Amino acid sequence: MIHRQTLSQLAAALRARKVSSVELVRTYLARIEASQPALNAFVSITAEHALAAAEAADRALAAGRGGPLEGVPIGHKDLFCTAGVRTTCGSRMLENFVSPYDATVVTRLRAAGAVMLGKLNMDEFAMGSSNETSHFGPVRNPWNTALVPGGSSGGSAAAVAARLLPAATATDTGGSIRQPAAFCGITGIKPTYGRVSRYGMIAFASSLDQGGVLAASAEDAAWLLREMAGFDPRDSTSVDAPVPDYPAGLDAPLAGMKIGLLKEFFDTGLDPQYERCVREALAVFERLGATLCEVSLPNISLSVPVYYVVAPAECSSNLARYDGVRFGHRCADARDLQDLYKRSRSEGFGAEVKRRIMTGTYVLSAGYYDAYYLKAQRARRLISAEFARAFGEVDLLMGPTTPTVAFALGAKTADPITMYLNDIYTIGANLAGLPAMSIPCGFAAGLPAGLQIIGPHFAEQRLLQAAHRYQLETDWHVRLPEQYA
Ligand code: GLN
């Protein structure tokens, strides 16, 4: 069965001409169409475009040409700009926005031969942890459609979990790759800040946003990341460092690796069944030859408050461009310029986005800047320093990805703070710009639990290697929701 094959297996089968790209694209498009009423994972399905690209890929393969991902179907989170295909960012504000250019990530994956099947649903402007803030309706969790898939990359995660696609792009500002990966039982990697270009990726909080991958395994994530990563002169924060051949380094043994357990992550509100899954996963690493010790990050508890000052501050600035003139939805019959700005923004943005813009404007305003924004920046520096110190002693840090498994739709929408607390374990890596992953590590009350792995800057190779070795020993990552098996 095609959908049970991994991305790397599919790439090999295409190259060996055991399967055609058109065949793959048709198979996945049929799965997408069938799942859409239940899951709502896609905002746009680009069937015609995909079939044309698949035919071109098949011709390239027949001629012995083509990139490493030639003919492999993928999807993009709907905040990566795609020329000619609308990019909505999950918002009414950009409901009809068609970018005149491609994001670098999109260009690179196309150059590697990947075929885009569509644009994936997401929380509005990537603000959310449940995919309930999308203008295009919530995405549902394929393990149980009464539950959220996590957010903000909920469409990407649900699509990969239900194998509507072998893999998808996603972004992570405070946990939006790892948290939905955990909730949907798949593998996600947020690379080091600066590893993957942000050019053409619609900005939420520019000092935290990072593009990455949601896939069925660490091996597949390595395949995709190798093509996405690398210096881009169009992104001033992109880092000019060579990209390792991630798939080639996966098999290295873990003997002698030092793993630090994040003490605070086990102390604060972690569900006991979830904790059991994580502890059992850690025991597997011990059996593989790693040594475990406890590591404390005393200021990590400041992550959530720091993030909810810094991220809204940056978003209030980034989202100022959507004024109905330069970008975005424009209201009808404006009386004057003030009215045009006011009503276009009031109509175009949803409640969560407005809440963030207001918070951000407040913390940046004269008189509050020092008390909130500057203080948050100082605390952010402290958190980074604590991580740096920890990586003087250990090779990787591990802990749970989230405090609980996926929750019910509507369970947290009335109380933003409870929603924000979902990211209590993931935000630290964003504040410090560190690479971090989530991999499936078992089931708590029948739902997937995620093990989080955090590494020092540019240690993606080590993260993927650890995750891959674990996945060779376990089968959590190959289990599928019954309906999509
Ligand atoms: N859930 C967090 C938020 O709402 C993180 C989102 C993200 O990583 N894009 O801001």
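Heavy-atom basis, side chains included; hydrogens, waters and symmetry copies ignored. Here the structure is a predicted model, which means the values were calculated and not measured. In listed order, ligands and their atoms are each counted from 1.
For ligand 1, the atoms closer than 4.0 angstrom to any heavy atom of G174 are 5 (C), 7 (C), 8 (O). Within ligand 1, counting atoms from 1 as listed, the ones closer than 4.0 Å to a heavy atom of G128 are 1 (N), 2 (C), 3 (C), 4 (O), 6 (C). Which parts of ligand 1 touch A126 is read off a 4.0 Å heavy-atom cut-off, strictly below it: atoms 6 (C), 7 (C), 9 (N). Per-residue contacts place Y307 under 4.0 angstrom from the following atoms of ligand 1 (heavy atoms of the residue considered): 2 (C), 3 (C), 5 (C), 6 (C), 10 (O). Here is the list of ligand 1 atoms found below 4.0 Å of a heavy atom in D423: 1 (N), 2 (C), 5 (C). Here is the list of ligand 1 atoms found below 4.0 Å of a heavy atom in S176: 5 (C), 6 (C), 7 (C), 8 (O), 9 (N). Heavy-atom proximity to Y308, at under 4.0 Å, picks out these atoms of ligand 1: 2 (C), 3 (C), 4 (O), 10 (O).
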Q179 and S438: CA distance, side-chain angles, deciding distance, side-chain hydrogen bond (donor to acceptor under 3.5 Å, both in side chains) verdict: CA-CA 8 Å; Q179 187 253 17; S438 178; over 6 Å; no

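Between L409 and L147, the closest side-chain pair of non-hydrogen atoms is not below 4.5 Å. Here the side chains of V309 and P312 are not in contact, with every heavy-atom distance at 4.5 Å or above. With contacts defined as side-chain heavy-atom distances shorter than 4.5 Å, the pair R108/E227 does not qualify.
In F125, neither the side chain nor the backbone holds a heavy atom less than 4.0 Å from any atom of ligand 1. By the criterion of a heavy-atom distance under 4.0 Å, the side chain of S152, and not its backbone, is placed next to ligand 1.
Remark: the D172 side chain and the Q210 side chain contain no N/O donor-acceptor pair separated by less than 3.5 Å. Side-chain contact, K412 with T418: no donor N or O sits under 3.5 Å from an acceptor N or O. A donor-acceptor contact under 3.5 angstrom links the side chains of Y193 and R198, judged on distance only.
For atom 4 (O) of ligand 1, the closest non-hydrogen atom on the protein side is R356 NH2, 2.7 Å.
For ligand 1, the polar-atom distance check finds no N/O of D172 at less than 3.5 Å from any of the ligand's N/O atoms.
Residues E386 and R389 are not paired through a salt bridge, judged by the lack of any N-O separation under 4.0 Å between the basic side chain and the carboxylate.
Look at G175 and you'll find a heavy atom under 4.0 Å from some atom of ligand 1. Contact between Y420 and ligand 1 is absent, with no heavy atom of the residue lying under 4.0 Å from the ligand.
For the pair R279 and F266, the cation sits on the ring face: its NZ or CZ lies under 6.0 Å from the ring centre, inside 45° of the axis.
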